[in-house]
> 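I have a structure I would like to understand better, so I am pasting it below and will then ask my questions one at a time.
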Amino acid sequence: MMLRIHFSTEDLLRVRVQAEPDVMWEILLSSHMAQERHASRVFGPWRHALRSGPPASSAGLLRTLSRPSGYSPDFLTPPSGATDLETGLDLVMSTPRTRLRADMGHLTRQTGLPRWASDVAVGEPKMMRRLGDALRTYYARALQPYWTNIRDHVRADRHKRMEAMADKGLEHLFQTLHTMVRWTAPVLEVDYPVQQDLHLEGRGLTLVPSVFCWPGPITLLAQSGTPVLIYPVEQSPAWLWTAPGEHAGQDGPAESLIALLGQTRAEVLHAIRETDQVNTTDLARTLGISLAGASQHASILRNAGLVVTARRKGSAMHQITDRGAALLSRAAPQLAIPDSHQRRHSTRARGEQFVRSCTLKE
């Protein structure tokens with residue numbers, strides 16, 4: 001079965017990729033992954049951490065509305081693309097009753113629901129407050145500890161795709177969006193659990209990168225406003241599911257950072273932050289290390305989620321992520337990082353000393 005998204009020329013001019021994670025989509029899709037046992041190979045560490053804590057009293061309410069397969073009510077993911085929790089909750093709480101009735105009616109036709117579901121369908125205020133509290137509690141436990149990492153992954157994915165689209169065009173963006181997506185102009189075809197056609201009709205399409213979207217892209221049943229397609233980002237699992245501070249040991253911040261990264265790699269991270277964006281050649285020159293060494297260190301930092309790298313005019317440009325900046329900020333007062341002049345002078349001095357020793361031996 002397939003989702004077919006039909007584009008006009010006007011629609012192609014209105015394609016955009018959202019710059020930040022959509023908090024309500026991450027809540028819904030992560031709730032799916034918390035219940036879907038096959039998701040353990042991708043989300044195993046996160047699922048284990050989530051289950052190790054005490055169960056929330058409101059967990060059943062959210063699970064009922066966000067089953068891992070089949071339909072989940074569209075009103076849980078408002079189309080405006082909320083990037084902060086309170087905005088997203090306000091949009092959910094203010095859903096028109098006609099939309100609530102339609103969504104809950106569709107869910108009722110697919111599965112049996114408890115009695116309180118009828119209160120959601122009519123927007124009963126007390127029930128809606130319970131739903132808002134359930135969403136807020138779930139976010140605090142399941143997503144907030146990892147939100148910096150989630151945001152970094154979404155930003156990195158979007159940056160990479162925008163760079164590629166600038167070089168190779170919109171067609172390349174569609175062709176490389178996901179293995180379950182094919183571009184057969186003027187239709188974007190997506191492998192999908194149900195047969196569905198989406199005619200954009202001049203409204204364009206917003207592509208929303210998501211960490212918890214798995215295994216393939218997803219969309220709303222009923223599209224209002226600008227239609228959306230949620231797609232999975234590439235992940236770096238070892239760091240994505242590590243909450244800030246979990247690597248801290250008994251040493252101070254500087255010692256912990258150096259123990260974690262190594263002195264040279266800590267200096268590489270510091271140099272990337274100081275220059276905002278830097279290519280590998282300039283990074284090697286600044287630190288007085290080999291080009292291969294600079295490339296390797298940057299690659300390790302990228303895989304750890306501390307920097308992002310994008311190709312620009314044939315060069316690999318490195319930029320620090322929020323997580324990398326946070327690590328450096330905690331260590332900055334104690335971390336002895338030589339500036340570029342000191343580093344180059346030190347490297348040159350070592351080279352001169354080596355030449356002198358060779359001359360003496362001769």
> Please check if the side chain of R14 supplies one atom and the backbone of G202 the other of a donor-acceptor pair under 3.5 Å.
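Yes: the side chain of R14 pairs with the backbone of G202.
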> Does M180 share a hydrophobic cluster with I230, counting links as ILVMFWY side-chain heavy atoms below 4.5 Å and allowing steps through other members?
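The answer is no; the residues belong to distinct hydrophobic clusters.
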> Going by an N to O cut-off under 4.0 Å, is there a salt bridge joining D133 and R129?
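Looking at D133 and R129, the cut-off is not met.
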> Does the side chain of V308 come within less than 4.5 Å of D152's, by heavy atoms?
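No, too far: nothing below the 4.5 Å cut-off.
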> Report the distance from atom CG of D119 to atom CG of L100, rounding to the nearest 0.5 Å.
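That separation rounds to 11.5 Å.
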> Does the pair R99/D74 count as a salt bridge with the N-to-O cut at 4.0 Å?
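Looking at D74 together with R99, the answer is yes, because their closest N to O distance falls below 4.0 Å.
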> To check you understand the geometry: which heavy-atom pair defines the closest contact between S315 and N279, and what is its length?
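Result for this residue pair: CB-CB, 4.1 Å.
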> Main chain of G60, side chain of T64: is a donor-acceptor contact present, judged purely on distance under 3.5 Å?
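Answer holds: yes.
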> When you look at L89 and M24, which way does the side-chain contact (heavy atoms from CB on, under 4.5 Å) test go after all the steps?
CA-CA 8 Å; L89 291 178; M24 302 314 294; 4.2 Å; yes
> When rounded to the nearest 0.5 angstrom, what distance separates CG in L177 from CG in L229?
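Atom-to-atom, L177:CG and L229:CG are 6.5 Å apart.
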> If you compare all heavy atoms of A142 against all heavy atoms of W46, which two are closest, and at what distance to 0.1 Å?
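Smallest heavy-atom distance, with atoms named: O-NE1, 2.8 Å.
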> Roughly how far apart are Q144 CD and R136 CZ, rounded to 0.5 Å?
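Separation between the atoms: 11.0 Å.
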> Looking at R37, is its backbone amide N or carbonyl O close enough to the side chain of S40 to form a donor-acceptor pair, meaning the two atoms are under 3.5 Å apart?
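Pair found, side chain donor or acceptor close to backbone of R37.
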> I need the E274 CD to T286 OG1 distance, nearest 0.5 Å.
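Here the interatomic distance stands at 11.0 Å.
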> Indicate yes or no for a side-chain donor-acceptor contact from Y192 to the backbone of T219 under 3.5 Å, with no hydrogens or angles considered.
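The answer is yes, because a donor-acceptor pair under 3.5 Å joins these two groups.
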> If we only count heavy atoms from C-beta on, is the Y71 to R109 side-chain gap below 4.5 Å?
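Heavy-atom side-chain distance check fails, nothing below 4.5 Å.
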> Just by modelled atom types, is the E20 backbone N or O under 3.5 Å from a matching donor or acceptor in the R151 side chain?
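No; judged by distance alone, with no hydrogens or angles, the pair does not exist.
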> Evaluate the side-chain proximity of L143 to L85: yes if any heavy-atom separation is below 4.5 Å, no if none is.
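A side-chain contact is absent here, since even the closest heavy-atom pair is not under 4.5 Å.
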> Using the rule that two of Ile, Leu, Val, Met, Phe, Trp, Tyr join whenever any of their side-chain heavy atoms come within less than 4.5 Å, decide whether L3 and V187 are in one cluster.
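Result: no, two separate clusters.
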> Would you say the side-chain atoms of R203 and Q223 include a donor-acceptor pair closer than 3.5 Å?
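No donor-acceptor contact under 3.5 Å links the two side chains.
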> Can you confirm whether or not the ring centre of F174 sits under 6.0 Å from the ring centre of F7?
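Ring centroids of F174 and F7 are less than 6.0 Å from each other.
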> Taking the side chain as every heavy atom from C-beta outward, state whether M127 and L61 have any pair of such atoms under 4.5 Å apart.
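Counting from C-beta outward, M127 and L61 do come under 4.5 Å.
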> Please tell me whether E201 and S8 have a donor and an acceptor in their side chains that are separated by less than 3.5 angstrom.
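Result is no, nothing qualifies.
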> For T280, run the side-chain hydrogen bond (donor to acceptor under 3.5 Å, both in side chains) check against R285, H318, H297 and tell me which one passes.
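Checked R285, H318, H297 against T280; only one passes side-chain hydrogen bond (donor to acceptor under 3.5 Å, both in side chains): H318.
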> Quick one: does R161's side chain get under 4.5 Å of P209's, heavy atoms only?
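Of all side-chain heavy-atom pairs linking P209 with R161, none is under 4.5 Å.
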> Using the rule given for side-chain contact (heavy atoms from CB on, under 4.5 Å), can you reason through T95 versus M128, listing the C-alpha separation, both sets of side-chain angles and the distance that settles it, and then say yes or no?
CA-CA 10 Å; T95 303; M128 295 304 288; 5.5 Å; no
> So, taking the atom named CG in L207 and the one named CD in Q18, what distance separates them when rounded to the nearest 0.5 Å?
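Between L207 CG and Q18 CD, I get 10.0 Å after rounding to 0.5 Å.
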> Side chains of D11 and H6: closer than 4.5 Å at any heavy-atom pair?
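The answer is no, as the side chains (C-beta and beyond) never meet within the 4.5 Å cut-off.
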> Specify the closest pair of heavy atoms between L62 and S31, including all atoms of both residues, with the distance to one decimal.
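Smallest interatomic distance, heavy atoms only, reads CG-OG, 4.1 Å.
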> Does a side-chain heavy-atom distance below 4.5 Å link F43 with L50?
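Not touching, per the 4.5 Å side-chain cut-off.
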> Do S30 and Y138 have a side chain donor and acceptor closer than 3.5 Å?
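Yes - a donor-acceptor pair under 3.5 Å links their side chains.
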> Determine whether a donor-acceptor pair (N or O, by modelled atom type, separation under 3.5 Å) exists between the side chain of Q35 and the backbone of S66.
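Checking the backbone N and O of S66 against the side chain of Q35, a donor-acceptor pair under 3.5 Å is found.
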> Pair V268, V307 - check side-chain contact (heavy atoms from CB on, under 4.5 Å), show working.
CA-CA 10 Å; V268 170; V307 304; over 6 Å; no
> At their closest point, which heavy atom of L91 faces which heavy atom of A82, and how far apart are they?
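Between these two residues, the closest heavy atoms are CD1-CB, 4.2 Å.
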> For H159 and R155, indicate whether the former's side chain and the latter's backbone hold a donor-acceptor pair under 3.5 Å.
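Not a single qualifying donor-acceptor pair exists.
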> Take L291 and T281 through the side-chain contact (heavy atoms from CB on, under 4.5 Å) test and state the conclusion after the steps.
CA-CA 6 Å; L291 184 61; T281 301; 3.8 Å; yes
> Would you check if the distance from the ring center of H178 to the ring center of Y231 is below 6.0 Å?
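Ring-ring flag for H178/Y231: false, centres at least 6.0 Å apart.
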> Which pair of non-hydrogen atoms, one from P79 and one from V228, has the smallest distance, and what is that distance?
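So the two residues come closest at O-CG1, 4.4 Å.
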> Taking all atoms of both residues into account, what is the closest heavy-atom pair of D22 and P78, and its distance?
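It is OD2-O, 4.3 Å.
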> Does any non-hydrogen side-chain atom of E124 lie less than 4.5 Å from one of W116?
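Not in contact.
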> Taking T321 for its side chain and L306 for its backbone only, find out whether a donor-acceptor pair lies under 3.5 Å.
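Here the side-chain-to-backbone pair exists.
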> Looking at CD of Q196 and CE of M1, how far apart are the two atoms once the value is rounded to the nearest 0.5 Å?
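One gets 11.5 Å once the value is rounded to the nearest 0.5 Å.
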> Evaluate whether atom NE2 of H199 has more than 12 neighbouring non-hydrogen atoms of other residues, nucleotides or ligands under 6.0 angstrom away.
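Yes, the 6.0 Å shell around NE2 holds more than 12 heavy atoms from other groups.
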> Cluster question for you: counting only ILVMFWY and a side-chain heavy-atom cut-off of under 4.5 Å, with indirect links fine, are L107 and V194 together?
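The answer is yes; both residues are in one hydrophobic cluster.
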> Do R4 side-chain atoms and E189 backbone N/O form a donor-acceptor pair below 3.5 Å?
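Absent.
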> Do L205 and L170 sit in one hydrophobic cluster, given that two such residues count as connected whenever their side-chain heavy atoms are within less than 4.5 Å of each other, even indirectly?
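They do share one cluster, since a chain of ILVMFWY contacts under 4.5 Å joins L205 to L170.
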> Going only through I, L, V, M, F, W and Y residues with side-chain contacts under 4.5 Å, is there a path from Y146 to W25?
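In one cluster with Y146: W25, yes.
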> With distance as the sole test, does E26 use its side chain to make a donor-acceptor pair with the main-chain N or O of F212 at under 3.5 Å?
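Judged by distance alone, yes, a pair lies under 3.5 Å.
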